[in-house]
Amino acid sequence: MELRKDPITRSWVMTGDDPAEGASRPETVCRFCQDSPEATQLIAAVPSTAGWSARSVVHPTPLYHIEGEPGRRGDGIYDRMSSVGAHEVLVENPRHDRQLWHASDEEIGQFLRLAAERIMDLKRDPRVKYVSLFKDHGPNAGQEFAHPTSQLTATMFVPRRVLYELRAGREYFQGKERCVFCDILTQEERQASRVIEARGDYVALGPYAPRVPYETWIIPRNHDASFERTGLSKPGLRTDLAALLRRTLQRVRAITESFHLVLHTSPNSLHPSKTLGYWKTIDDDYHWHIEILPVLAAKARSYTFKEVYYSPVSSETAVKQLREAKIDG
Ligand SMILES: [Zn+2]
Ligand SMILES: [Zn+2]
Ligand SMILES: [Zn+2]
């Protein structure tokens with residue numbers, strides 16, 4: 001497998017003929033449970049009285065490999081490089097049946113702390129441009145493991161969606177000297193029609209132009225480009241964000257079982273690019289957040305013409321339902 005760049009959209013694509021594709025065997029024994037006979041290679045753990053509360057291990061079939069050089073090179077007008085990077089599984093909880101929406105705020109807080117530490121650590125590698133944290137849950141979202149897990153990838157490039165956000169954030173800042181995410185939050189809190197819930201310094205809301213029905217963002221009120229910086233310096237993240245994340249996932253799951261969750265944080269500003277302009281102002285114009293994209297079971301009609309999203313439930317209606325969803329505290 002290798003990475004190829006589309007010269008028009010500038011997005012990187014992992015492609016090749018993967019012999020493992022389709023051959024993955026079903027999980028017989030959970031390799032992420034405590035004392036699993038199918039051990040995975042431990043990277044880091046948050047200690048607790050019971051051994052560990054959250055930990056990170058090497059992905060059993062990683063998309064990216066630490067060894068080797070990315071070897072970015074031209075191919076005529078094209079760009080390619082090998083899939084060098086890191087791919088980790090974050091085990092959110094030692095218990096097999098405690099998904100984030102069933103866990104205690106303390107447990108979710110430990111998981112968030114682990115995530116912040118791992119992102120910080122991976123960014124010490126000067127080759128790493130970006131670290132993605134994501135969770136795919138449910139049969140329609142490509143869930144990989146039964147155990148409560150999220151995944152981390154460290155890549156030598158910034159993923160396309162984040163790149164769009166960085167460019168848009170910078171343009172907005174150049175015109176107004178304000179952060180677009182701070183401005184969105186101010187307006188949403190004033191209008192209140194798309195705010196699902198606020199908890200301490202964190203707000204869950206439905207975006208003005210959702211890509212899918214019930215799309216939800218969680219944004220911190222305090223401006224910070226970097227999740228890991230907030231995570232390691234502000235303890236509120238581990239209580240208020242933990243509670244809001246748990247409650248928001250309960251609301252989403254009242255609508256549908258499957259969802260994608262992704263954290264958007266700043267690229268590796270410990271080792272900024274010297275040539276790309278948008279790296280210079282990231283701390284001012286970018287603002288970390290979490291995006292949750294629910295996957296509805298029945299895709300009755302799709303009007304998605306590839307790049308135009310069709311979302312047949314308005315954010316205002318979705319937010320009303322999510323606010324009223326029955327959650328258990
Ligand atoms: Zn398990
Ligand atoms: Zn901001
Ligand atoms: Zn985003």
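Atoms within a ligand are numbered from 1 in the order they appear, just like the ligands themselves. Fair warning: this is a prediction, and the values are worked out from it, not measured in the lab.
Looking at H96, its N, O or S atom nearest to the Zn ion (ligand 1) turns out to be ND1. For E165, the N, O or S atom with the smallest separation from the Zn ion (ligand 3) is OE2. The minimum distance between the Zn ion (ligand 3) and any N, O or S atom of E291 involves atom OE2. When you scan the N, O or S atoms of H264 for the one nearest the Zn ion (ligand 3), you land on ND1. H147 contributes atom ND1 as its closest N/O/S atom to the Zn ion (ligand 1). Residue H223 approaches the Zn ion (ligand 2) most closely through its N/O/S atom ND1.
Residues R251 and Q321 fail the side-chain proximity criterion, which asks for heavy atoms closer than 4.5 Å.
Without hydrogens or angle criteria, T186 side chain to C182 main chain gives a donor-acceptor distance under 3.5 Å. Using a distance-only test at 3.5 Å, with no hydrogens or angles considered, a donor-acceptor pair links the side chain of S315 to the main chain of P207. A donor-acceptor pair under 3.5 Å is absent between the side-chain atoms of R55 and the main chain of V46, judged by distance alone.
Here the angle at the Zn ion (ligand 1) defined by SG in C33 and SG in C30 stands at 120°, rounded to 10 degrees. Rounding to the nearest 10°, we obtain 110° for the angle at the Zn ion (ligand 2) between C179 SG and H287 ND1.
Between H96 and H147, the ring planes are perpendicular. Angles over 60° get that label, and only those under 30° would be called parallel.
The heavy-atom pair separating V319 from S193 by the smallest distance is CG1-O, 3.8 Å.
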